There are 2 protein chains.
Amino acid sequence: MGSVRAALRLHGGVVDLGGADTRATPHWTGGKHEALADIAAMEPRLAELQERLYAQAVAGGSRKRLLLVLQGMDTSGKGGVVKHVIGHFNPSGCHIHAFKTPTRDELAHPFLWRVRHQLPAPGIIGIFDRSHYEDVLIARVRGLVARPVWARRFGAINRFERTLHDDEVTVVKVFLHISYAEQRERLLKRLDNPDKHWKFAPGDIDERAYWPDYEEAYEAVLHKCTTDTAPWYVVPSDRKWYRNWAVSRLLLEHLEDIDPQYPPAHFDVEAERARLLQT
Amino acid sequence: MGSVRAALRLHGGVVDLGGADTRATPHWTGGKHEALADIAAMEPRLAELQERLYAQAVAGGSRKRLLLVLQGMDTSGKGGVVKHVIGHFNPSGCHIHAFKTPTRDELAHPFLWRVRHQLPAPGIIGIFDRSHYEDVLIARVRGLVARPVWARRFGAINRFERTLHDDEVTVVKVFLHISYAEQRERLLKRLDNPDKHWKFAPGDIDERAYWPDYEEAYEAVLHKCTTDTAPWYVVPSDRKWYRNWAVSRLLLEHLEDIDPQYPPAHFDVEAERARLLQT
């Protein structure tokens, strides 16, 4: 198979999101049907790696864990990845947090404060649906803080993610890339189905006027916050099946790289067996 | 189908756990194969009810939610229910918490303090893997607190669960009932498989000496804390497939009873549609 990581990974150069093909399927030559079959084939392996990661921490004292950071425009599929990809893991070993508009209490603290409270414990797979990157995205585009404030945050984020790496957190940052036209289609589908009206707000349309500003803000993020220890992966996401396949495979490759092992027994197995049989 | 609730529900009378058949399959006449098929058939309905419950809260202002409380002896399958039953839900709409030995900080607070911090938000399905009931189970059996202290807790628990009911939390309390012999088999399986050694601790065997005491403590819980608003359900759990089937169906019946509805649009759908098409 080779590595989907290599195919989707950024290297810190200048990024042109407008020029990228959001319907592309990098590192995948098959169609939807084959991709769904490949996802199903990955599931047992993902489940075992997750259990090993968990076991290694709770019984072996390892601090290793993984943090998946999901970013993308509205309707890009962050919630879909949680449902369709993370939904295949054992929920006991996942910690999912969706970052919303900061509360008054959160705003009274440094911007990374609320993020630190949601980090996965050792052995756990953490999932951020939005993240600290909102503090250099919406905060910049909608002018919630002054330019010097958000401009300083890129460095703070890189230092923060470096400390995560040093604490054995594997950080996997995924940008779900959809086109302006695809977002229109997805919002239309929500309007056309009464069961999906709850997902729609008129403000979603107003926000589209800021698309070029968000694109510029995302390009800055992908350029400035791609480091050796925490690079960004750009997943073309107009095709949902490819998005789910690519994120599944990114997780698989990173977990295989961690290579977690079941910890050895800290007791005499035969002695315990004999003792148990007497009860 | 009738109701599995009626078949498994206690009514506050005296309970004799030792006399109950832990291999029974109440309200199910088929075998394992048919039960697994029935679970699969329930999944779309469970998924839709979960989404409606969530939508009704986030877009409709409802406070309704569900809290599944899982209790049972070691190896009874609390983790198995989370993996195999809760694993079928959208993880975004679930809040799972496993209560461990209380920390020093938790012990410095009233026993319900840490529980209040883990209650599901409106629209969320909460799952307690162990719960406040440990404070009248292990706390009683192992003498962690004096008798007058734990004896007072039954009333405190009933009042607490009444306040949950009043705040629109549907509390579903499930006791996973396995036999003494079945626990031995399950512990043996853990010893026989090196990949499962991390789940075993020699203390698990020592704890078996207290089986009659735990049984007595559970009987007190099931007798004293079965109320009209938060009854206990006893699920015979020697057969894992029946356990998963019964918990799935209990959740389905309770969610159907809540009968959550997608909230209506708070905007003019046609006007928004026209506005979107101009972007």
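Note that this is a predicted model, so its numbers are computed, not measured. Note on naming: letters A, B, ... go to the chains in the order of the sequence lines (proteins, then strands), and numbering restarts at 1 for each one.
Interface remark: A:A55 contributes backbone and side-chain atoms alike to the contact with chain B (heavy atom separation under 4.5 Å). Proximity to chain B is limited to the side chain of A:R208, based on heavy atoms less than 4.5 angstrom apart. Residue A:F89: no heavy atom, backbone or side chain, is found under 4.5 Å from chain B.
Your options are A:V58, A:T279, A:D268, A:D192, and the one with the most heavy-atom pairs under 4.5 Å with chain B is A:T279. Ranked by heavy-atom pairs shorter than 4.5 Å toward chain B, the options A:H84, A:R273, A:Q261, A:K199 are led by A:R273. Comparing B:L187, B:D129, B:I86 by how many heavy-atom pairs each has under 4.5 Å with chain A, the most go to B:L187. Of the listed residues B:A271, B:G79, B:P263, B:S92, the one with more heavy-atom pairs under 4.5 angstrom with chain A than any other is B:S92. Contact tally against chain B (heavy-atom pairs below 4.5 Å) for A:H95, A:H97, A:E272, A:R52: the top residue is A:E272. The greatest number of non-hydrogen atom pairs below 4.5 Å with chain B, out of A:L276, A:L188, A:I127, is found for A:L276. Put simply, of A:V269, A:I96, A:D195, A:V82, the one with the most heavy-atom pairs under 4.5 Å next to chain B is A:D195.
By the 4.0 Å N-to-carboxylate-O rule, A:K196 lies close enough to B:E51 to be salt-bridged with it. Using a 4.0 Å cut-off between charged nitrogen and carboxylate oxygen, A:D204 and B:R275 do not count as a salt-bridge pair.
Counted within 6.0 Å of OH on A:Y210, heavy atoms from surrounding residues, nucleotides or ligands total 12 or fewer; the atom is thus considered open.
Between B:L191 and A:E270 the shortest side-chain heavy-atom distance does not fall below 4.5 Å.
Between B:W198 and A:Y262, the angle of the ring planes stays under 30°, which puts this pair in the parallel group of the 30/60° scheme.
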